[in-house]
Each structure stands twice: as C-alpha cells, then as structure tokens.
Chemist: 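Take a look at the following structure, please.
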Amino acid sequence: MPALKTNIITLFTITLLLLLHFTTATKDDLHYVNPLIGSTAGGNVFAGASLPYGLAKPVADVDGQNTGGFSTDGSNVTGFSHMHDSGTGGNPSMGQFPLFPQYCPDNVVDNCKFGKSARATHYVNESVTARPGYFALELVNGIKAEMTAARRTAVYRFTFPETRADDGSVLDPLILIDLTDLWDSRQNASISVDPDTGRVMGNGTFLPSFGAGSYRAYFCADFAGAQVRDGGIWVNDRAGSEVKEVFITRGFNNFYLQAGGYVSFVRPGDGVVTVRVGVSYVSSEQACSNAEDEVSDPVKDFESLEEAAKIAWSEKLSPIKVISGGVSDGLLRSFWSGIYRTMLSPQDMTGENPLWKSDEPYFDSFYCLWDEFRAQLPLLTIIDPQTQSKMVRSLLDTFKHEGWLPDCRMSLCKGWTQGGSNADVVLTDAYVKNLTGIDWELAYKAMVNDAENEPLEWSYEGRGGLQSWKKLNYIPYLDFDYLGFGTNSRSISRTVEYAYNDYGLAVVGKGLGKKEYTKYLSRAGNWKNLFKADQKSFLENGTDTGFTGFFQPKYLNGTWGFQDPIACSALASWCSLTSNPSETFESSIWEYLFFVPHDMASLIKLLGGPDSFVKRLDYFHTSGLADISNEPVFLTVYDYHYAGRPALSTSRVHSYIPRTFNASNNGLPGNDDSGAMGSFLAWSMMGLFPNPGQNVYLITAPFFEAVEITHPETNHTATIRNVNFDPTYRSVYIQSATLDGKPYTKNWIGHEFFTRGMTLELMLGDRESDWGTREEDLPPSLSDALVQDEMQMQMLDA
Ligand SMILES: *[C@@H]1O[C@H](CO)[C@@H](O)[C@H](O)[C@H]1NC(C)=O
Ligand SMILES: *[C@@H]1O[C@H](CO)[C@@H](O)[C@H](O)[C@H]1NC(C)=O
Ligand SMILES: *[C@@H]1O[C@H](CO)[C@@H](O)[C@H](O)[C@H]1NC(C)=O
Ligand SMILES: *[C@@H]1O[C@H](CO)[C@@H](O)[C@H](O)[C@H]1NC(C)=O
Ligand SMILES: *[C@@H]1O[C@H](CO)[C@@H](O)[C@H](O)[C@H]1NC(C)=O
Ligand SMILES: *[C@@H]1O[C@H](CO)[C@@H](O)[C@H](O)[C@H]1NC(C)=O
Ligand SMILES: *[C@@H]1O[C@H](CO)[C@@H](O)[C@H](O)[C@H]1NC(C)=O
Ligand SMILES: *[C@@H]1O[C@H](CO)[C@@H](O)[C@H](O)[C@H]1NC(C)=O
Ligand SMILES: *[C@@H]1O[C@H](CO)[C@@H](O)[C@H](O)[C@H]1NC(C)=O
C-alpha cells in the first residue's frame, strides 16, 4: 500500500505539474502586448494598428512627439494616416494623406477647419485604446475614431455624434484628406474626387525622414455606411465642390501650400462613416486594387480584420512560451510588448517596389541596421527565421540593383550611414546560424564590395576612407580622402565598426573557401591601432577617473589627436552626425572602448586583465558614462562574461530592468529604434544575449521561471529553466547548470541550442558562484586559437 500511495502522489504531482505547465504555456499571451509602451518621453513607438511587418499602419497623428505618428503626450490630433515607422529618431516618418473628420458649423463648408494647425484637436486621454490590430480614441469634440489594418489597407470607423446647427438642422459629417505628411515634406501632389462614388485617389512626392532623395506614395480612399452628400477640394482655408481635382507643387519660392480633398455625408442613423484606404508605392490603381483585394466590405469586415491581425500576431509570438513563476504582469507586459515591436518594422513591401523588377522579397524600413543588427535581427533569427531569411535576400537584392547593401533605408530611399557597413554583420549572423535560401556567393560579393570599393557618396552606402583603411589600418582623424564624400568625422567609431565588419567577411570568406579571408582577419585587428595606452580620462570637474588606456583619434602622419574620453557621453554633450560631429558617433570613447565583439580576450588583456577590466566596466555603468538609451551600450551590459564574471552581467541587467525599461507609456529609456530596445529587453529577460555575427549567446538567468522557444523550422523546443526561481530576484545568480541533463559550465551557448531544441537548467542562488568563470568556460575570442577551433567546428561538446 505505501508504494501505491507514493505512486498516486507522484502521479498526482506529475498531473499537477503538467496541468500548471499546460495552462501557463498555452495561455494566449497577446493580451500582454501594450502598443502604448514607449508612446511618450522619446520612445517614439508606433502605437497604431498593423499586421506583423505590415505596410499599412493607421494611427492618429499628433502635433507633439510625432515621429511615430501618435504620442500619449496629450498633444493635439491633426489627422489619421496610414503609413508610419516605429521608434525612429530623425524627422517624423511618413504619415501621408491624413484623414480628418469634423462638422462644418451651419453646414457651410468654408466654416470647416482645413489647415493642419487650424483643425488640430485634443483627444480625450482616457479614450485611447491600443491593442494588436486596433487603435481608437475620441476627440474632445465627441467624434470617435477606430482603426484596423490589412497588409496594405487601413480601415477607419468614424462615429459622429448627432450635432445640430443653430437652426436645429442636423449637421453633415465631413472628412478631409490632406496632401501632406507628418513633417510637411511634400514636394508636389495630386488628388481627385469622384463626385458619384466619393472615391478619392491621389499621389504625392515626399522626402524620406532620415535619407536622401524623394519617393512617391499613392492612396485610394473609399467611404461606406453613409450617403455621399458632396465632395471637392480645398486650398488653404477655402473649399469648394465645383472643382474635383487639384495639383500642387512647391513653386519657385518653395512655398508650402496646404491643400487636399473632402467628402461630406448625410449623417447615417448610427453616425458611423467607414473609410477604407488602400496604399501603394506603385500607383493609385494598385492602391485601389490592394484595398479591394484585402477588404471587400469595410463595414462588415472591420471586426474580422482585427481578428485576423490578432491571429497573425499570436502566430508570430507563438514560438515563445513563458512560465512566469509569479512575476508581475508589468514585467510580462514589458516582455511581450518588446517582442511585438520587433515585428512592426522592417516592413514587407514585396510587390510594392517600383525601383526594380524582381522575384525576390522586398523589405524596407531598415531604420537603421546600425540599431537592428545587435539584438533585433538576431531575435527574429530565432523566432521568425523564414522572415529573417527574406530580409537578408531583400538586402542582397538591393545590393544587386542599387550596387550597395543598405545601411539605413526607409521609404525606398537610402538613409544615413552611422558607423560601419553593418549589413555585413547581419549577413555574417545569418551565415553562422545557417539561415536557408540565401545566395552566399552573392552575399560575400556584397560584403567584399563594402570592404574594398569606396563609393562616391559614403554618407549613405559603403564605407569612407578606404585608402587609409587599407594602407594605414585605421581611419585617420581628418583623413585625406578625395575619392568619396561623407561627414569626415567618427574616425574612432568607424575604425572599431569597420574592424568588426571585416571580421564578418573573414568568417563568411573562410566558410566559403575564399583564400583572401586572412586579409580580412588581419584587418579585424585594426581597432588596436587607435588604442593609446597612456591616455587618461578626467571628469569635467578635473577628477581623474583612475583609468589609463583609451582609444584616441590619430592623424594620417601617425601623430595622436585628442578627444576627451568622456565627450559625447551624458556627462558631457551629445554628438550625432549633425549635432557636434565628433570622432565617436552618438556615444563616448568610454563606450566605444568596449566595442570589440570578436576579440574581447585581447581587449581585456590590453586593459590590464579581468580584474582591472571589471573595475572599468563597473565604473562605466555606475558613473553616468553608460548610455542605456542607445544601442552601442547593449553588449557592454554582458561584457562581464568575457572576464569570467557572468554573475556581474546578471547584476547589471537587473540594475537596468525594470528601472529603465518598464510597462508604462514612458517605459523606454530612448528611441525604440524600430524595435531594437524591445529586443534588448526581450533577450535580457529570456536569459540569453546574442553577440551578433557569432554563434554565441551569453547565458544569464531568465526573469521568468522558464522560457521555451520552439524553432519554427525544425519544430524543436529549446528550454531555459531556472531551478529555485525567485520572482523577487534576490536569487538570480547561476550556481550550476545542466544541458540536456549533463553538467554545463560554459557561460555561453551556440545557436544549435535553438535548432536542436536543448534544455538548459540553471540552479540559482543569492550570490556569485564559480560557475562559468574558468578560462575554458568563456565565450570564444578571435585571439584565442584554441577556442577559435571550437568556433569553426561550431559545435557544443555538451
Ligand atoms: C492628458 O495627458 C497629458 C499628458 O500626460 C496631460 O498633460 C494632460 O493634462 C491630460 N489632460 C487631461 C484633461 O487630463
Ligand atoms: C493644442 O491645441 C491647443 C488648443 O487649441 C493649443 O493651445 C495648444 O498649443 C496645441 N498644442 C500643440 C502642441 O500645438
Ligand atoms: C514632383 O517632385 C519631384 C521631386 O522634386 C519631381 O521629380 C517631379 O518631377 C515633380 N512632379 C511634378 C508632376 O511636378
Ligand atoms: C497622380 O494623381 C493625379 C490625379 O489623380 C493623376 O492625374 C496623375 O497622373 C498621378 N500621377 C502619377 C505619377 O500617378
Ligand atoms: C550549420 O550547419 C552545419 C553543417 O550542416 C552544422 O555543422 C552546424 O552545426 C550548423 N550550425 C548551427 C548553428 O546550427
Ligand atoms: C567631481 O565629480 C564627481 C562625480 O560627480 C564627484 O564624485 C567628485 O566628488 C567631484 N570632485 C570634486 C573635486 O568636486
Ligand atoms: C601630424 O599632423 C598633425 C595635424 O596636421 C600635426 O599637428 C602634427 O604636428 C604632425 N606630426 C608630425 C610629427 O609631423
Ligand atoms: C520606467 O522607465 C522610464 C524610462 O526609462 C523611467 O524614466 C521611469 O522612471 C521608469 N519607471 C519606473 C516606475 O521605474
Ligand atoms: C514543423 O511543423 C510544421 C507544422 O506542423 C510542419 O508543417 C513541418 O513539416 C514541421 N517541420 C519539421 C522539420 O518537422
């Protein structure tokens, strides 16, 4: 009997565990997604409705923080438009052809407000509703706007409360369409209103928000649910129905005329006017057919469109399961929303590329790869490898047709290059992780092009200073470069990034059997040439930080120049391409000092060994020098792993999350940058962090009891499970680990973990242990020949 009893208890326990596991693991996690996280205080996220990678992105546009269209900053709504980017800096992105619903006092059309600032209206704060596939708010005048999206079609449902004129007659709803975008970049545009159907079509030429040239966008709007009363055009603050078409341009004096079209309606009993807006980059006809194909009946389809969007998002999030272990809903919301935002952009514009004919996929809004290569694209590589492969193919197709890999790209235009040619890292990452369907010979050719050929205009493609790079092995301060044009700055950050880019070439070249890979391997060491061993660093009040040895700018003749190591940090002043251009881009020498992702072992040696390196890293993170709001900081949070102190990476990540990343509307420390910040958060909370371009993930304890990731191609499930999980995060340090049941002492793991579906169990405790601290436990570094062999074999000896 006792035996039976034990069995029953065991059976009961197993069933309970299964049940618990089942209920948590299959719960629909979509309700944790809050698109408003990062919608104010500079997060710049897109808070509206979108499919994963969708092109149509309807949301309310405001006159406050509007780079992503909407903000919860309490500013005024100027319209509802159909295309946006997410999390970007630069100028406000897209937002063409906004609709604006209103009543004209006394039903006199000239009494309506047409211009952008004239019509701007506050929204009711509490009315803002955002969830995947749906966005809504109410204006203070009582007009309610709801929206949802298909891939290239936005659908709006405006509800007009019954309003009467002074004489008691019912007012007619009016909806205008403005030939503008968020930052009034329109160069010229046309609109035509069909008086019978109310269909409005148009097009316009606009400027990319962080790039060169211009692009043309097209729309096709249809109205449903209400009888059309009238329609026409407006210019400045006058309107009339006797004209049905208008063309506007900037004119000789570059004057910005405000103009557009409008349609007015007989107010239906329920007050609802539905608008379907198809968008396209090819033609207005294509915008109309996109809309007709995707949404046959906008009135009836509204709910099913939202439902379809929810299903699409659920599917995209489904590879990840979390067993929360009792952590707060806020943390779960941060986590799932971060992952959600990584799939708003880049946008799938396949079929909408007017620039060249091709059967390859076309993705746009790589805004910018400098942000995305570090954590976002590596995240998509594990949860959506098929789409990541398509993006890589799109980058290669762009190289094929435009001659260069993009570095930043938006709205069909080339964007500013911030540092290196970081598409090289994206390709290398895809290579070492075996993404399928990619022409590797073409990829290598594109990378060699970046490394060998200087473009005339290296502000938006390739690299500058290549003669010096090849001859002197660094980018000189005030380079003598007569081959190409670019901002002659950032010599330090470009040197360290070019070195890493060339490391990528060496990896792919070697893999493909190219003899010249050794040339790139040697250039991968060029970062050392800007290391000035006796350089000291002082705070602004003159206090010595106590650390010696920093990167410094170096002239062509080999003489050192000078940039204060704390310049361009939060302790000094901001540096970007245009504001205070310096030898480091958007960050300090202090921060760039840690950017040697491929050879941390050499760097640590150069900085005096692990103890001294750890002291320096601690000082960096605690002195205000580290800028958690910008991407170059990401890997520095985990650099302790390379010094044999993985527990300190764990402490560090907990010092930033949730303090600087949380579930409130202001819960991002800086621009989300197309989901880069969201991906940093997601990886960190999953307990793994990629070193992009290498088959390496650094291990820390997940913020949850367990995380499961099912590889969408192999269907194998990888599990990271904390034993002794403590949701208060006092016990966060790994004491020991097993991989598939066998002891595992390395503080990193390869991509096979995901593809083969391994199980990593982490025993936690409340203090640092010796787990993952020995030399043989550390992640590979280029200079470490032993480990290098291991890397080449790309296998785990678990
Ligand atoms: C709406 O929210 C904004 C931003 O938080 C705030 O400034 C404003 O006072 C709020 N308006 C009302 C009416 O509460
Ligand atoms: C919003 O509109 C109000 C009232 O018209 C105005 O006072 C305020 O300046 C506007 N806000 C912005 C950011 O333009
Ligand atoms: C519109 O502006 C673009 C960019 O300036 C120009 O190339 C194009 O010719 C213009 N189109 C018309 C019809 O004026
Ligand atoms: C833009 O729209 C106008 C009005 O519908 C049309 O006449 C013109 O041909 C269109 N231009 C392009 C380039 O499609
Ligand atoms: C990539 O494929 C090679 C050859 O099949 C294999 O040896 C390696 O383990 C794979 N790498 C990863 C990260 O899956
Ligand atoms: C200089 O600034 C640092 C950091 O704020 C501070 O710790 C230190 O006491 C200051 N030293 C002097 C001499 O004011
Ligand atoms: C090298 O060039 C810099 C900048 O022109 C100059 O200040 C420095 O004196 C030169 N050094 C030597 C050794 O000529
Ligand atoms: C949430 O994050 C923001 C942005 O980093 C920060 O300013 C704010 O203080 C955080 N809120 C809390 C409650 O930690
Ligand atoms: C993975 O699962 C999907 C859906 O069930 C199936 O279509 C596919 O063939 C599976 N792949 C492998 C490698 O088993």
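Counting starts at 1 for both ligands and their atoms, following the listed order. All residue numbers refer to positions in the sequence shown, counting from 1.
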Chemist: Would you indicate whether Asp359, at its atom CG, is surrounded by more than 12 heavy atoms from other residues, nucleotides or ligands within a distance under 6.0 Å?
Modeler: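 For Asp359, atom CG is not crowded (no more than 12 foreign heavy atoms under 6.0 Å).
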Chemist: Does an N or O from Asn557, backbone or side chain, lie closer than 3.5 Å to an N or O of ligand 7?
Modeler: yes
Chemist: Ser334 and Asn662: side-chain donor and acceptor closer than 3.5 Å?
Modeler: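 Ser334 vs Asn662: no donor-acceptor pair found between side chains.
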Chemist: Taking the six-membered ring for Trp and the single ring otherwise, decide whether the centroids of Phe661 and Tyr656 are under 6.0 Å apart.
Modeler: no
Chemist: Could you tell me whether the side chain of Glu126 reaches within less than 4.5 Å of the side chain of Glu138, counting heavy atoms only?
Modeler: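 Not in contact.
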Chemist: Contact residues of ligand 1 with a heavy-atom cut-off of under 4.0 Å?
Modeler: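 The answer is Thr72, Asp73, Gly74, Asn125, counting any residue whose heavy atom sits under 4.0 Å from ligand 1.
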Chemist: Does ligand 4 have a heavy atom under 4.0 Å from the side chain of Tyr218, from its backbone, from both, or from neither?
Modeler: side chain
Chemist: Is any side-chain heavy atom of Leu179 closer than 4.5 Å to a side-chain heavy atom of Phe247?
Modeler: no
Chemist: Quick check on contacts: which atoms of ligand 7 are under 4.0 angstrom from a heavy atom of Thr559?
Modeler: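 Those atoms are 1 (C), 10 (C), 11 (N), 12 (C), 13 (C).
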Chemist: With heavy-atom distances below 4.0 Å as the criterion, list the atoms of ligand 4 near Ser190.
Modeler: 1 (C), 2 (O), 3 (C), 4 (C)
Chemist: Would Arg119 count as a cation-pi partner of Phe100, with NZ or CZ less than 6.0 Å from the six-membered ring centre and within 45° of the ring normal?
Modeler: yes
Chemist: Can Phe70 and Tyr123 be said to form a ring-ring contact (aromatic ring centres under 6.0 Å, His included), step by step?
Modeler: CA-CA 11 Å; Phe70 182 69; Tyr123 57 89; 5.1 Å; yes
Chemist: Does the ring centre of Tyr156 sit less than 6.0 Å away from the ring centre of Phe135?
Modeler: no
Chemist: Quick check on contacts: which atoms of ligand 4 are under 4.0 angstrom from a heavy atom of Asn203?
Modeler: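 Reading through ligand 4 atom by atom, the close ones are 1 (C), 2 (O), 3 (C), 8 (C), 10 (C), 11 (N), 12 (C), 14 (O).
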